[in-house]
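Both ligands and their constituent atoms are indexed starting at 1 by order of listing.
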Amino acid sequence: MLETLRSIIQEVNEAKDLTASLEIIVRRVQKTMEVKVCSVYLLDHNLGRYVLMATKGLDPQSVGKASLAPEEGLVGLVAQRAEPVNLEHASSHPRYFYIPETREEEFESFLGVPVIHHREVLGVLVVQQSEVRAFDAEEEAFLITLSAQLAGIIANEEARGAITGFSPTGIKTTDAVFEGVPGAPGVVIAEAVTVFPPADLGVIPSRKVDDIQKEIDFFNECLNQVRIDISELKMKIKGQLRPEERELFDAYLHMLSDNALGAEVIAYIREGNWAQGALARVARDHVRNLEAMDDDYLRERATDIKDLCSRVLFYLQDKEQDNRKYPERCVLVSEELSAAMLAEVPKENLAGIVSAKGSGHSHVAILSRAMGIPAAMGIQDLPFSELDGKEIIVDGYNGRVYSNPSDELRDRFMEIVREEEQLSEGLESIKDLPCETLDGHRVELWVNTGLMTDVLRSRERGAEGIGLFRTEVPFLLRDRFPTEREQTEIYRQQLEAFYPKMVTMRTLDIGGDKPLPYFPIKEENPFLGWRGIRVSMDHPEIFIAQVRAMMKASSGLDNLQILLPMISNMNEVDYSLKLIKRAHQELLEEGLNIQLPKVGVMIEIPALMYQIKSLASRIQFISVGTNDLSQYLLAIDRNNPRVSGIYSTLHPSVLRALKKLADDIHAENLRVSVCGEMAGNPGAAVLLMAMGYDVLSMNATSLLKVKSVVRNVTYQQARDLLEKVLTEEDTEAVKALVDIELYNAGVDRLLRTSRNS
Ligand code: PEP
Ligand code: MG
């Protein structure tokens with residue numbers, strides 16, 4: 001059974017579109033189960049009915065025409081119950097419904113199973129038999145397993161259809177919506193540009209070219225480059241292989257010859273496709289055919305094709321990169337956006353961000369908030385390569401992406417864009433005013449940075465210091481570790497730009513969701529593994545170079561403080577302090593006159609909440625990293641879109657933990673700040689202020705929003721709200737209470753909690 005299932009799925013995976021996929025399913029199931037009829041019905045949202053989309057056994061003329069409402073017939077019953085229906089005497093069931101155009105009267109036994117994807121019934125898979133008999137448990141299990149595997153494929157195909165503007169039954173559709181999670185607030189309507197990791201043949205989108213001859217010449221140039229590489233490889237390896245093994249290289253060269261792969265690619269380019277798309281298509285076709293073969297030798301050849309085509313793709317992309325043009329305003333779309341991909345788009349062209357993977361807490365989302373660019377993350381089933389070149393709407397507040405927008409929808413979003421413009425004009429007027437409540441309570445607003453852009457934007461918005469400089473960001477954007485001298489320059493820029501205000505530099509926080517491309521860390525459980533200070537402690541040479549660079553950069557300014565990430569025990573604090581002092585001593589010996597900076601610790605690991613006294617005897621300040629602290633308190637991966645709905649820094653237990661931390665840290669006479677994303681959520685910021693946090697450090701975009709909300713409430717109001725909130729049992733109730741308070745305080749709807757958390 002497993003073998004049959006595997007082969008059906010494989011065949012379906014190779015189908016060119018939804019219709020072909022469904023035809024394969026009904027044909028193969030009818031044959032395998034030896035039944036008279038196998039049919040697939042799919043829900044057409046536009047009609048609100050289950051439409052017969054493919055059949056083997058019923059009248060083929062009825063495909064696309066026969067349909068049932070959810071309350072009609074046995075098919076409707078399967079869909080309504082979202083569970084299998086297995087009947088010996090279908091015709092005597094009260095829900096039996098005869099559709100004349102299918103001519104199904106001679107069939108008696110019926111087995112229907114729902115096709116479910118993300119809790120939604122997409123359709124129903126049915127088998128029927130003329131004689132009276134119940135399908136046995138094995139047959140039922142087979143159909144259920146098949147339908148579970150098909151659900152993802154069907155959802156994917158449907159989504160592709162929606163992008164091009166058609167429902168499963170071919171009705172023209174608009175406003176196809178793809179649901180994800182909020183990444184950065186804001187709304188944008190602009191052209192999508194799909195980007196992909198280098199040399200990945202599986203994700204290259206189709207794109208039109210105008211100058212076909214130029215594209216062919218470009219392709220030939222790259223192909224030739226690979227031929228040269230392979231010939232050189234062959235020479236290099238000559239002595240190490242037997243002649244018959246060397247033949248493999250000749251076979252490679254043959255595949256690359258003008259009348260083999262190359263010719264096929266050129267034929268596709270002549271149809272108007274760009275070289276990368278044409279190459280990817282040829283590679284996919286060959287690989288699919290070879291992988292479906294029973295012969296081991298031929299299946300192996302699929303690997304050769306992939307390897308060869310990836311080599312050609314490498315050159316195509318390498319050269320393309322230099323002269324890539326982006327639309328004036330574009331939404332960057334990818335399966336998984338990286339910081340490096342963001343950095344490649346000129347800032348003035350980047351209007352929005354969409355990533356099929358990742359969540360509101362992943363680093364690309366944090367960067368997009370810092371840059372003030374609306375972002376939607378974790379959009380499952382997004383056919384991202386199909387979006388390239390299309391106008392889309394990104395709703396960063398709700399984490400949604402719309403394609404094929406109707407005029408009404410576009411107008412609605414244009415209205416929000418206008419509202420946002422008015423709001424930011426209004427916020428401009430408070431940039432030089434203090435962040436204090438109506439009754440004069442002051443809270444300091446600092447900024448989180450990673451790029452120089454953040455620094456400049458946040459200075460304009462009246463930030464009072466840098467509460468978190470994520471030093472890993474410049475590390476992530478390079479292809480090797482920056483040297484001590486390079487680091488010194490980067491750090492100096494930040495320190496100078498904020499002088500005389502304080503700049504808190506966090507030592508390298510890699511691992512977890514932040515792997516450096518040139519320092520791969522492969523672990524089963526990266527968030528519980530080798531990350532943050534743990535990496536630095538095992539590589540003191542990296543740590544020392546970094547803190548030396550920080551201290552050198554602060555020479556003559558002395559506005560630096562150092563922050564240690566992911567601390568889980570006192571040994572890490574002691575060892576870090578020892579290395580910092582050693583580096584400081586070295587610099588003094590080298591003739592530099594630098595003060596030893598204050599050192600602080602991030603509380604991101606719950607265990608540390610119970611060692612505040614021990615910390616206080618060692619360090620000078622504490623910053624609470626609510627992103628990770630909540631992740632570890634709730635045991636919810638902050639980047640997993642499947643569970644992002646239950647990750648919230650407004651969970652009552654997280655709030656109670658934060659209140660306890662503020663009290664315990666103040667009892668030791670230390671200053672305490674919050675530098676997680678929570679501080680930039682205006683409603684949450686009011687709660688943190690009421691808890692007594694001295695500094696709120698956030699992304700540059702949130703600075704004026706938070707200030708505007710703080711300036712609209714009294715400290716007493718905030719404390720009363722906190723008291724009420726701390727008695728609540730669930731997150732939604734907390735959000736509702738905060739929103740009501742903000743509403744009563746006359747806060748703009750775009751600033752309320754439900755829109756920003
Ligand atoms: C945090 O965990 O709250 C934090 C600020 O660190 P990062 O988001 O960089 O992990
Ligand atoms: Mg963290």
Between ligand 1 and the protein, find all N/O pairs closer than 3.5 Å and give the distance for each.
unit_1	atom_1	unit_2	atom_2	d
ligand 1	2 (O)	E604	OE2	3.0
ligand 1	2 (O)	D628	N	3.0
ligand 1	2 (O)	D628	OD2	3.0
ligand 1	3 (O)	G625	O	3.3
ligand 1	3 (O)	T626	N	3.1
ligand 1	3 (O)	N627	N	2.8
ligand 1	3 (O)	N627	ND2	3.4
ligand 1	6 (O)	R506	NH1	3.0
ligand 1	8 (O)	R470	NH2	3.0
ligand 1	8 (O)	N627	ND2	2.9
ligand 1	8 (O)	R638	NH2	2.8
ligand 1	9 (O)	H363	NE2	3.4
ligand 1	9 (O)	R470	NE	2.8
ligand 1	9 (O)	R470	NH2	3.4
ligand 1	9 (O)	R506	NH1	3.2
ligand 1	9 (O)	R506	NH2	2.8
ligand 1	9 (O)	K514	NZ	3.3
ligand 1	10 (O)	D628	OD2	3.1
ligand 1	10 (O)	R638	NH1	2.9

### Message
Is there a side-chain contact between F498 and V447 in this structure, where contact means two heavy atoms from C-beta onward sitting under 4.5 Å apart?
### Response
yes

### Message
Does R442, at its CZ atom, have more than 12 non-hydrogen atoms belonging to other residues, nucleotides or ligands within less than 6.0 Å?
### Response
yes

### Message
With a 4.0 Å cut-off on N to O distance, would you call E728 and R656 a salt bridge?
### Response
no

### Query
Salt bridge check: are E677 and R369 linked by an N-O gap of less than 4.0 Å?
yes

#### Entry: Sub-4.5 Å side-chain heavy-atom contact between M678 and L655
yes

### Minimum side-chain heavy-atom gap I605-L629 below 4.5 Å
no

### Query
Is the shortest distance from a Lys or Arg side-chain nitrogen in R480 or E486 to a carboxylate oxygen in the other one below 4.0 Å?
yes

### Task
Mind listing the protein N/O/S atoms less than 2.8 Å away from the Mg ion (ligand 2)? Waters don't count.
E604 OE2, D628 OD2

## Note on the structure
Partner of I622 under side chain to side chain contact (heavy atoms under 4.5 Å, CB included), picked from L608, V674, L661, L670, is L670

### Message
Can you tell whether the side chains of R470 and D509 come within less than 4.0 Å, N to carboxylate O?
### Response
no

